[in-house]
2 protein chains.
Amino acid sequence: MDRLDRRILDLLQHDGSLTAADIAERVGLSKAPCWRRIQRLQETGVIQRTVALIDPKAVNVGTTVFVTVKTSNHSAAWFEQFVRTVRDIPEVTEIHRVSGEVDYLLRIVVPNIDAYDVVYKRLIAGCAFLDVSASFSLETIKQTTAIPLNYAAFDD
Amino acid sequence: MDRLDRRILDLLQHDGSLTAADIAERVGLSKAPCWRRIQRLQETGVIQRTVALIDPKAVNVGTTVFVTVKTSNHSAAWFEQFVRTVRDIPEVTEIHRVSGEVDYLLRIVVPNIDAYDVVYKRLIAGCAFLDVSASFSLETIKQTTAIPLNYAAFDD
DNA sequence: GAGATTGCGCAACATTGTTGCGTCCGGCGG
DNA sequence: CCGCCGGACGCAACAATGTTGCGCAATCTC
């Protein structure tokens, strides 16, 4: 993993439809070795996958909700039940166990508040919580999947 | 936008490297009209773009922090200054104005806690806050960019 | 300093993207 | 009831891109 790989990653995480020839030209390589680097980055899992990003509002799923959760039952059994409950709900796009006041933070994407309530009821039906608190996104000011690659520390 | 478009979108948001022929076969279409549908979805902005997803840990940027922010200055000028401050920080991957106890929620991606502190200092240098509270992700249980497309209400 | 290793570039071939055209189905007006 | 018209599909050809093998140069190792 050198500077070239980093530049390739940065190009691809902003535009995954770039051709190997495009990238080769921009990083100053010919297309075959560039393609092989991309291939290696995929096979080693540095590039997990490439996906299409859909405009949520264009498909009427434009409401994002952040839900914080507290549990009173800090057991492995509760955790497993919790994961089983939330992992397969497609509206739940992120689940983090976090430090601080709350125990878990969920990111939920739904068409509207009514649809959130359906998800909420499905949550509390599958699992016991000490507290569940929803915070609706009124305006998404920025949103990107790009990871900052300015940290030069990882030149192997 | 019909059922076929929805299936195409769902395939592409899980694997953007699928060829038009692959998708055509899975949705029961021949490749030309399928390609034209994909093209139309891109041109109308339903598909915003396709990107490569990078394993954060593979590039040593594996720490996610959720930062909630309160302001005492609810003015348009403050908002503009806030957006200017945070929008161009690459470590800040999401900015939401939210309902509830706090005013804004930021999602920040950094290599470690020290790097978060650098971002924090950059934040408070550019903008005045009533409160800033960080919550570190200790474990990412689920993470996806896929939007739930099970809502059949949008058959135009 | 010689051999081994790694990565690059060139060139050929396979696969996929892209376009034009003819056909079929469904809706609309005569 | 019939014929016209618009939209979407399928087929086939062509252009662009992905993919692979091979030879060469630079670097590292011993």
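Proteins come first, then strands; the chains are lettered A, B, ... in the order of their sequence lines, and each starts at number 1.
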For A:Gln39 and D:dG21, give me the distance from atom CD to atom P, rounded to whole Å. 13 Å
Do [X] and [Y] come close enough that some side-chain heavy atom pair is under 4.5 Å?
X: B:Ile108; Y: B:Val92; answer: yes
X: A:Leu123; Y: A:Val69; answer: no
X: A:Thr93; Y: B:Thr145; answer: no

At a heavy-atom distance below 4.0 Å, which nucleotide of DNA chain C is the first touched by chain A, and which is the last? C:dC8 to C:dC10
Expected list for residues 19-38 of chain A near DNA chain C, using heavy atoms below 4.0 Å, is A:Leu29, A:Ser30, A:Ala32, A:Pro33, A:Arg36, A:Arg37
For [X], check salt bridge (charged side-chain N to carboxylate O under 4.0 Å, His left out) against everything at least two apart and list the hits.
X: A:Asp117; result: A:Lys121
X: A:Arg36; result: none
X: B:Glu139; result: A:Arg97

Centroid separation under 6.0 Å, is that true for the rings of B:Phe136 and B:Tyr116? yes
Applying side chain to side chain donor-acceptor pair (under 3.5 Å), name anything that partners B:Asp10, two or more places apart in sequence or on another chain. B:Gln13
